[in-house]
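Numbers restart at 1 for each chain; the letters A, B, ... are given by sequence-line order, proteins then strands.
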Amino acid sequence: MNKFFVTTSIPYANAPPHIGHALEFVQADVLARYWRSAGKKVFFLTGADEHGVKIARSAQKAGVTPGKFVNKNTAEFKKLIRLLAISNDDFIRTTDKKRHWPGAQKLWLRLIEAGDIYKKNYKGLYCVGHEAFVTEKDLAGGVCAIHKSKPEVIEEENYFFRLSKYSKIIESRIKNNELRIIPASRKNEILSLLKQGLEDISFSRPSKDLSWGIPVPGDKTHTMYVWCDALSNYITAIDYAEENDKFKKWWPADAQIIGKDILRFHAAIWPGMLLSAGLPLPKEIFVHGFITAGGEKMSKTIGNVADPFGIIKKYGADALRYYLLREIPPAGDGEFTDEKFNERYNADLAKGLGNLFSRVLTLAQKGKISPIENPKFALEIKKTEKILKQLMIDFKFNEALEKIWRLIALGDKYIDAKKPWSLDPNSKEFKKIIGELLSLIAAIGKLLAPFLPETAGKISKHIAGGKIATLFPRLK
RNA sequence: CGCGGGGUAGAGCAGCCUGGUAGCUCGCAAGGCUCAUAACCUUGAGGUCGUUGGUUCAAAUCCAACCCCCGCAACCA
């Protein structure tokens, strides 16, 4: 198929975005841009998860309605997406009653038709301070660790989803790669979980406890729990409610990008729901890690959280994109520190790409020079293109950039060997050498476009205009 | 016996699946160059591959045991 439907997880609009969100957006964006330029029809979806008790409570604390509360946070996410030059085709919000709710409710009804929704008493420990159920983990010596009060045992009736029924089939789909989980370590992780068998999951909450959400169809006393509410965004955005041509064109998703914390939801619960509804499963789930700071987990409490807005403002979107793609192992945890950022920036962007660009354009200004193909360069570029394709299939963004940087080194070596500055700018030889370098840089720019769209634009613009420009000023 | 990730040059990492001269980036040293953002190019120094034992002609790589570090409550991907 010549289409590519890529999704990010939809961030929870309970807090403003941080650098981890930026990572996921950028990874998905590179895929979208790459496959778009490779000629595929691409649909790139992202959005916001805006329901739930937590948001309702945060809104109350802030003294605003939940609607206003999520509007504010979602606006921040949209701002980050815009500033990062993310090329998403759509943005779905779970509070969207027109676009999202009908599809979510339809999905629920399909699960009922399949006989997979049933009512069951749910017994749990209710903490008055939390105004919610707590688990054993929240307790310390039999009392709530935060509120120091003894929780009550409460029984309530909830809807359940018969996830257990699909345990075996999900396991086999993942095992035989009909549903590819990347990297392999995550695949193994989920398989070991599936081996133990999945349990049915609570699928609703009484409306009195959770009113900020989507009502269960035909039962006003219950509200959908997060599973049917949020996971369904991947299909509601492409008109699952209508099941029209748009839906048929795009579903199943070709790649779903998620973080390691929500692997279970996407590789077990979500496939279970799709199977129950008689829908195909996504083809691939790519799982990225977390960004740490100085070996420690980023935490608002510790205060070592890197702020994506500040970085973009200071160094530009492409500098942040480059760091996230080059320095963070795509499928593993990675570090973000100012020192590392400066090092990467100076070594690769300023002294590498920027400097080569600058020295070639300076020389090119000495005469009217147009790009000329060099067979050796052309061969290397072609090789790089080929390797790049496989690396994109494997989600290895860091290696892809490393390969492109080899072409930059090639350019530097060529200049050094040919010493064009010692030649007469009007000589044929000079024009040939610089022309070849111009065409190499143009090719590098083209290869970089999915990763650093703004820089790629600058490169082609300045080559055409013959003007010298500083792509990335060196940091002190 | 909870689960998972990791321990390879001063730092950060790759290599391990599919054993066979230990590689990359940064940093450091020497030389070259002067077109360029004090940038670029070349060469070099630096490693008992966590420990111990096993398999093998051969182990960073396979097997076993052990030691150490980091995640697995919340904000949060």
- Task: Kindly indicate, with the supporting measurements, whether the criterion ring-ring contact (aromatic ring centres under 6.0 Å, His included) is fulfilled by A:F77 and A:F91.
- Result: CA-CA 10 Å; A:F77 279 100; A:F91 188 100; 8.1 Å; no

Distance-only polar pair, side chains of [X] and [Y], donor-acceptor under 3.5 Å:
| X | Y | result |
| --- | --- | --- |
| A:E50 | A:T94 | no |
| A:R57 | A:N14 | no |
| A:T46 | A:N88 | no |

Extract from the structure each pairing of a protein N or O with an N or O of nucleotides 6-15 of chain B at less than 3.5 Å, listing the distance.
unit_1, atom_1, unit_2, atom_2, d
B:G12, O2', A:K340, NZ, 3.1

[N] [atom2] sits how many Å from [X] [atom1], rounded?
| X | N | atom1 | atom2 | result |
| --- | --- | --- | --- | --- |
| A:Y414 | B:A36 | OH | P | 20 Å |
| A:F341 | B:U25 | CZ | P | 21 Å |
| A:D333 | B:G5 | CG | P | 12 Å |
| A:D261 | B:A74 | CG | P | 10 Å |
| A:L475 | B:A39 | CG | P | 12 Å |
| A:R186 | B:C3 | CZ | P | 16 Å |
| A:E189 | B:C72 | CD | P | 14 Å |
| A:L361 | B:U37 | CG | P | 12 Å |

- Query: Taking the inter-plane angle between the rings of A:F395 and A:F286 on a 0 to 90° scale, is it parallel (under 30°), tilted (30 to 60°) or perpendicular (over 60°)?
  - Reply: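 Judged by the thresholds at 30° and 60°, the geometry between A:F395 and A:F286 is parallel.
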
- Task: Cation-pi check, A:K79 to A:F309: give yes when NZ or CZ is under 6.0 Å from the six-membered ring centre and within 45° of the ring axis, no otherwise.
- Result: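 Yes - A:K79 lies over the ring of A:F309, closer than 6.0 Å to its centre and within 45° of its axis.
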
- Answer yes or no on whether A:K366 is positioned over the face of A:F430, meaning its NZ or CZ is under 6.0 Å from the six-membered ring centre and within 45° of the axis.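 Not flagged: A:K366 not positioned over aromatic ring of A:F430.
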
- Message: Considering every strand and a 4.0 Å limit on heavy-atom distances, what is the contact class for A:L471: base, sugar-phosphate, or nothing?
- Response: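 Base contact.
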
- How would you label the contact of A:F472 with the nucleic acid (heavy atoms, under 4.0 Å): base, sugar-phosphate, or nothing?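 It contacts base atoms.
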
OP1 or OP2 of [N] less than 4.0 angstrom from a side-chain nitrogen or oxygen of [X], does that happen here?
| X | N | value |
| --- | --- | --- |
| A:R344 | B:U25 | no |
| A:H21 | B:A77 | yes |
| A:K418 | B:C35 | no |
| A:K260 | B:G4 | no |
| A:N14 | B:C76 | yes |

Given [options], identify the nucleotide with an atom nearest to the side chain of [X].
| X | options | result |
| --- | --- | --- |
| A:K413 | B:C76, B:A36, B:C41 | B:C41 |
| A:K54 | B:C76, B:C35, B:C40 | B:C76 |
| A:H288 | B:A77, B:U37, B:C40 | B:A77 |
| A:L363 | B:A77, B:C35, B:U37 | B:C35 |

- Query: Can you name the salt bridge (Lys or Arg N to Asp or Glu O under 4.0 Å) partners of A:E399, sequence neighbours left out?
  - Reply: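 In terms of salt bridge (Lys or Arg N to Asp or Glu O under 4.0 Å), with neighbours along the sequence ignored, A:E399 is linked to no residue.
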
- Message: Only Watson-Crick and G-U wobble pairs, only distances under 3.5 Å, only runs of 3 or more: what stems does that leave for RNA chain B?
- Response: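 RNA chain B forms these stems: B:2-7 with B:67-72, B:10-13 with B:23-26, B:28-32 with B:40-44, B:50-54 with B:62-66.
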
